[in-house]
> 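Right, I'll just put the structure down here and ask away after.
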Amino acid sequence: MLKKQLKARFQKVNLLDYQSEPPLHIEKSDEKHRIFTSYLLDGWNESEAPMDIHFTVKKASNIKLTSPIKPAVTLAEQAIDVQCDIEEEALLFFDKREVIPSNNSTINEHIKINVRDDAEFIWAEIIHLNQSVNYRYQSLMEIWDGAHCISYDPIQFSSQQGIALTHHGLTEDFPYMASIWYISPNPPFDEWDIQQRLSQAKYHRAGMTDIDGKGILIRWLSTDISLLKQEVDDVLSFFDEKITELRKWRV
Amino acid sequence: MSTKESKKLLHLLHTHHSSFLKSQVAHAIGMEMYIRSRQINSKEDLASFCNSYIGNYLVYNDAIIIKELFLQLKKNDWQQVVYLAEIYNARKNVLELKKTSRQAGKRLLDRLLTIQSSAFLEKWQKEVIEKEMLNHYVVVYSMYAYEQGFDLYSAIQMYLYFSLTNLVQHAVRAIPLAPKDAEKVTLEALDEVDKATEKAMTLSFKDMKNNAIGLEISAMQHKYLLSKLFIS
């Protein structure tokens, strides 16, 4: 099956060198924001052909990418390769994405991000670990700052590992997992600001770690999808608020 | 086993032995949260935790790195050796685990270089002057094991075995467990160590994976405990 490609270069308010093959496409969203130029990225879930997405975020641009709200159940085969180069002072905010594996599906994601100097990157994802469907989910998140690898996270779940994963320390019996990456050499908040947004409800676990001074990673395992979404949204809104406070003064 | 092989095995065992240097990294900080929340409260729970730790966490991360480092050292591809150390460092998501692994790596490297000369370790020492963050225990251990001519299977097996015993030793004090129960857990987990080693021999770099999310979250939460039993 031929690859579907999408290529775009984001400047502060313009989209340059934009090339896309249906069903992949980007369009400016109606959402008005004080600092972000917001775009809708659509088509991820509409073809079984491998997807190849390449973005460049030019210096000092603040870009927010959102997927349109619709049932995000995956197709039987999904292979997505995302590569982003984020230049100095730029910020790419990939809004929350939800992956719901369908029965007999194979999902393969490779996200490779290159951040230059003080560039910032935010990615949020919720994955449904539904044991009643047959699926295989594989995702590799690679984040690089030149030759230095900031993070290398090859997640893999499959319904066939079901019993093995219930052991202590793995995904146990939790049906939902979420992650937020905020890559920045100077995140505009204190770790306690995040900690107070993570609840310690029963059957819901959350933790946050510093990534060697290059950003933070927040992870959740939960049985309560509404609480999980609420917390992820709360953290993302907080990021938005802090980023706006800081970047609104930049020309 | 020939006398020569037997001597090598003793040498490898000694590298891990606490009388040589107690530096093997455990995932005790992740385990501590499970013990505190009483999810690990019996020998059965501990056995379940050890199984996932050996058979899922270590085999798909540390064991693969040992194997790949052996391969690249054999090819004399130093650039790939540094790349693998870079990936291993980035693969450890939790900062506290990174720090203890580096601390153990530094101690092992310093100790080994004080007792014998080693071309690889001396080269590595120069490399980590500017890249201290890459100096993880598993990297130093793999280089030493390769240079000493230990076979890959034994190097992985011993690494897994001593990771297991170290974890059990920590658990015995924290749960607490009777010594005989701890022995039972260890002896029963030996099968898992063997299976994991066999599995690791069939895996390669592209098979690295992370599904130990619970362990990761526990290690993240550990930082915020007011009093801690374990620090590594």
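Source: prediction; values computed, not measured. Labels below follow one simple rule: chain letters A, B, ... track the order of the sequence lines, proteins then strands, and each chain is numbered from 1.
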> Pick one of side chain, backbone, both or neither for A/Gln200, based on which atoms fall under 4.5 Å of a heavy atom in chain B.
side chain
> In Å, rounded to the nearest 0.5 Å, how long is the span from CD of B/Glu216 to CG of A/Leu217?
6.5 Å
> Heavy-atom distance under 4.5 Å to chain A: side chain of B/Tyr83, backbone, both or neither?
side chain
> Is the shortest side-chain heavy-atom distance between A/Cys149 and B/Asn89 below 4.5 Å?
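Contact flag for A/Cys149/B/Asn89 side chains = no.
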> With a 4.5 Å cut-off on side-chain heavy atoms, are A/His148 and B/Met133 touching?
yes
> Less than 4.5 Å apart, side chain to side chain, heavy atoms only: is that true for A/Ile211 and B/Leu95?
no
> With rounding to the nearest 0.5 angstrom, report the CG to CE distance, B/Asn210 to A/Met141.
12.5 Å
> Quick one: what part of B/Asn61 sits under 4.5 Å from any heavy atom of chain A, side chain, backbone, both or neither?
neither
> Given heavy-atom pairs under 4.5 angstrom as the criterion, report whether the side chain, backbone, both or neither of B/Asn51 touches chain A.
side chain
> Can you check whether A/Leu170's main-chain N or O pairs, donor with acceptor, with B/Ser52's side chain at less than 3.5 Å?
no
> Looking only at atom types and distance, does a side-chain atom of B/Gln221 sit under 3.5 Å from a main-chain N or O of A/Gly207, one as donor and one as acceptor?
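Flag not set: sc B/Gln221 to bb A/Gly207 has no pair under 3.5 Å.
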> What's the separation between atom CD1 in B/Ile213 and atom CE in A/Met177, rounded to the nearest 0.5 Å?
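Separation between the atoms: 4.5 Å.
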> From A/Gln195 CD over to B/Met220 CE, what is the distance, rounded to the nearest 0.5 angstrom?
10.5 Å
> Would you please classify the geometry between the A/Tyr152 ring and the B/Phe205 ring as parallel, tilted or perpendicular, with 30° and 60° separating the classes?
tilted
> Is any side-chain heavy atom of B/Lys206 closer than 4.5 Å to a side-chain heavy atom of A/Pro154?
no
> Can you tell me how far NZ of B/Lys92 sits from OG1 of A/Thr209, rounded to the nearest 0.5 angstrom?
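Answer for the OG1-NZ pair, A/Thr209 versus B/Lys92, is 12.0 Å.
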> Out of curiosity, A/Arg219 CZ to B/Ser218 OG, how far, rounded to the nearest 0.5 Å?
13.5 Å
> If I measure from the heavy atoms of chain B, does A/Met208 come under 4.5 Å with its side chain, its backbone, both, or neither?
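A/Met208 touches chain B through backbone and side-chain heavy atoms alike.
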> Over all heavy atoms of both residues, which pair between B/Ile217 and A/Trp220 is shortest? Give the atoms and the distance, please.
CD1-C, 3.7 Å
> May I ask you to say whether A/Asp210 pairs ionically with B/Lys98, meaning some side-chain N is under 4.0 Å from a carboxylate O?
no
